[in-house]
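Excluded from the calculations below are hydrogen atoms, water molecules and symmetry mates; all remaining heavy atoms, backbone and side chain alike, are included.
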Amino acid sequence: MRYHTALMDELNLLLHFNLDTTQQGIKVHHDAEPGMIDAAASLHQKGLITQTDGGYLTELGREAAEHAQAMLGLLKE
């Protein structure tokens, strides 16, 4: 299995969440890039975020975001 564009969009969207707090979510506006709109809807369908246009991370979403952000940190070094 390879990383495809839709999956990369989901990973990139997870990188926008601030893991220092659970009180801050994100909003994907209707005029955002189509890939980001689709990524938000997909993450919501998978149970990782609370709203189809962003919202907050669920418990599973927080874990996924932690892994996505850690992976980026490792690969950037």
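- No side-chain heavy atom of D53 sits under 4.5 Å from any side-chain heavy atom of I37.
- Atom CD of Q24 and atom CG of D20 lie 9.0 Å apart (nearest 0.5 Å).
- If you run side chain to side chain contact (heavy atoms under 4.5 Å, CB included) between R62 and each of L19, L14, L48, only L19 comes through.
- Taking CG of L13 as the start and CG of D38 as the end, the distance is 11.0 Å to the nearest 0.5 Å.
- Contact detail for M8 and Y3: the closest heavy-atom pair is SD-CB, 3.7 Å.
- Closest heavy-atom contact between V28 and A40: CG2-CB, 3.9 Å.
- Separation of atoms CD (E63) and OG1 (T58) is listed at 9.5 Å; rounding is to 0.5 Å.
- Within 6.0 Å of CD on E33 lie no more than 12 heavy atoms contributed by other residues, nucleotides or ligands.
- Residues I26 and N18 have side chains not in contact (no heavy-atom distance under 4.5 Å, counting atoms from C-beta outward).
- To the nearest 0.5 Å, atoms CD (Q69) and CG (L15) are separated by 5.5 Å.
- The CG atom of L57 sits 8.0 Å away from atom CD1 of I49, with the distance rounded to the nearest 0.5 Å.
- E10 places a side-chain heavy atom less than 4.5 Å from the side chain of K46.
- In this structure, CD in Q51 is found 9.5 Å from OH in Y56, a value given to the nearest 0.5 Å.
- Residue L43 is grouped with residue M36 when hydrophobic side chains (ILVMFWY) are merged at heavy-atom distances under 4.5 angstrom, including chains of intermediate members.
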